[in-house]
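Take a look at the structure below.
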Amino acid sequence: MTPICVPRNGSAGFTGKTGTNIGGENSVLLQQSGFSLVELLVVVAIGLILAGVAVLRFSRAMENAHVNSAVQIAMGQLRMARQESMDKRLQYIVTFLPPRTIQTQWIATGIPATTERTISFTNDVQFSAEPGLPGLGKTPDNFGLGTKAIDFNQATGGGGTQIFFNPDGTAIDAAGNPNDGVLYIAKPGELYSSHALTLYGATGRFKGWTLAKNGAIPVWR
């Protein structure tokens, strides 16, 4: 009768020397997964592209904010001068000084013009009639030709830079004519950053305009 060898640990199918499983369950190999260098470079490149797009959008948003702020400043100075003229029963003068400054003065009988305040836009925005603005018959309220950044005194050919507000709320030029006109504000070199303000001298009222695209054609709205 052939003898049977039994391992010391009493488990049939195992050898005591190597511990190799020759009759039981198969061994399980655990593998760790990771990124290759190429994959890491792709991820980094995508991250840089997204960061660049975000910076560009933020920059554009800041530029638009500066232009919008300049428009609000100009409207605010006109509104304030008109209201102060009516409240104080004095004549107020608003002067637009290129490239980006607005000066407000008041006049009283026997007293030279007195400067009350001076304010300027940020350096990336100015009074500017950008090349490509709509021309004759297509300008805001049909004032001027769209070629002069500061274009008041329409009754005498345009190009005026001063507005005189009277205590009755009207706006006139230095000669006493009703002062109709238009002011353009933009970021130089960017046509579609353009905004405009128009003034009707008979009422002293003004309104804002934004340049937009109608297909490929610039139009004021």
Side-chain angles (χ1 to χ4, degrees), residues 49-83 94-104 119-163 165 169-171 173 178-221:
I49 292 172
L50 293 176
V53 170
V55 169
L56 180 60
R57 288 183 176 178
F58 178 77
S59 177
R60 288 299 179 105
M62 287 300 296
E63 291 173 358
N64 291 336
H66 287 174
V67 176
N68 291 335
S69 176
V71 173
Q72 293 303 315
I73 288 172
M75 293 183 70
Q77 294 304 301
L78 290 171
R79 184 181 294 113
M80 193 181 304
R82 182 174 183 270
Q83 189 62 49
V94 176
T95 304
F96 298 97
L97 303 170
R100 61 180 61 86
T101 299
I102 304 173
Q103 181 185 70
T104 301
I119 189 167
S120 298
F121 307 149
T122 56
N123 290 336
D124 56 339
V125 180
Q126 65 184 44
F127 309 126
S128 179
E130 291 295 301
L133 288 179
L136 181 63
K138 298 180 181 179
T139 59
D141 282 331
N142 291 325
F143 290 155
L145 301 176
T147 57
K148 297 177 182 178
I150 308 169
D151 201 9
F152 296 99
N153 299 11
Q154 291 293 306
T156 55
T161 61
Q162 286 188 316
I163 301 168
F165 285 104
T170 61
D173 60 23
N179 197 345
D180 299 335
V182 59
L183 174 73
Y184 295 103
I185 298 172
K187 185 177 185 298
E190 295 191 10
L191 174 61
Y192 286 98
S193 70
S194 298
H195 288 63
L197 298 177
T198 53
L199 172 72
Y200 276 93
T203 61
R205 300 291 183 178
F206 51 90
K207 60 184 175 181
W209 301 75
T210 300
L211 191 67
K213 279 186 178 181
N214 183 9
I217 300 173
V219 294
W220 287 107
R221 293 177 179 169

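The figures that follow rest on heavy atoms only: side chains count, while hydrogens, waters and symmetry mates do not.
- For Thr147, there are no side chain to side chain donor-acceptor pair (under 3.5 Å) partners at least two apart in sequence or on another chain.
- Considering all non-hydrogen atoms of both residues, Gly160 and Ile150 come closest at O-CG2, 3.4 Å.
- Between the side chain of Arg82 and the backbone N or O of Phe165, no donor-acceptor pair lies under 3.5 Å.
- The backbone N or O of Pro98 lies less than 3.5 Å from no partner atom in the side chain of Gln126, so there is not a single donor-acceptor pair.
- Annotation: side chain of Lys187 is not in contact with side chain of Glu130 (no heavy-atom distance under 4.5 Å).
- Contacts classified as side-chain hydrogen bond (donor to acceptor under 3.5 Å, both in side chains) and involving residues 209-221 (residues at least two apart or in different chains) are given here: Thr198-Trp209.
- Using a 4.5 Å heavy-atom threshold, the side chains of Leu133 and Leu211 count as touching.
- For Tyr200 and Phe143, the ring centers are positioned less than 6.0 Å apart.
- The two residues Gly181 and Phe152 have their closest heavy-atom pair at CA-CD2, 3.5 Å.
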Original post:
Does the pair Ile163 and Leu199 meet the rule for a side-chain contact (heavy atoms from CB on, under 4.5 Å), with working shown?
Top reply: CA-CA 9 Å; Ile163 301 168; Leu199 172 72; 3.6 Å; yes
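- To the nearest 0.5 Å, the span separating CZ on Phe206 from CG on Asp180 amounts to 14.5 Å.
- Listed for the Asn179 side chain is a donor-acceptor partner under 3.5 Å among the backbone atoms of Gln162.
- Here the side chains of Ile102 and Phe127 are in contact, with some heavy-atom distance below 4.5 Å.
- Distance alone, capped at 3.5 Å, places no donor-acceptor pair between the Asn153 side chain and the Gly158 backbone.
- The two atoms that bring Pro131 and Leu191 nearest to each other are O-CD1, 3.5 Å, heavy atoms only.
- Scanning for salt bridge (Lys or Arg N to Asp or Glu O under 4.0 Å) contacts around Asp173 gives an empty result, with sequence neighbours left out.
- In this structure, Leu183 CG and Met75 CE are separated by 11.0 Å, a value rounded to the nearest 0.5 Å.
- Between Ser128 and Ala186, the closest heavy-atom pair is O-CB, 4.1 Å.
- In this structure, Ile119 and Gln77 have side chains that are in contact, with non-hydrogen atoms separated by less than 4.5 Å.
- In this structure, Lys148 NZ and Thr139 OG1 are separated by 12.5 Å, a value rounded to the nearest 0.5 Å.
- Expressed to the nearest 0.5 Å, how far CG of Leu197 lies from CG of Leu78 amounts to 6.5 Å.
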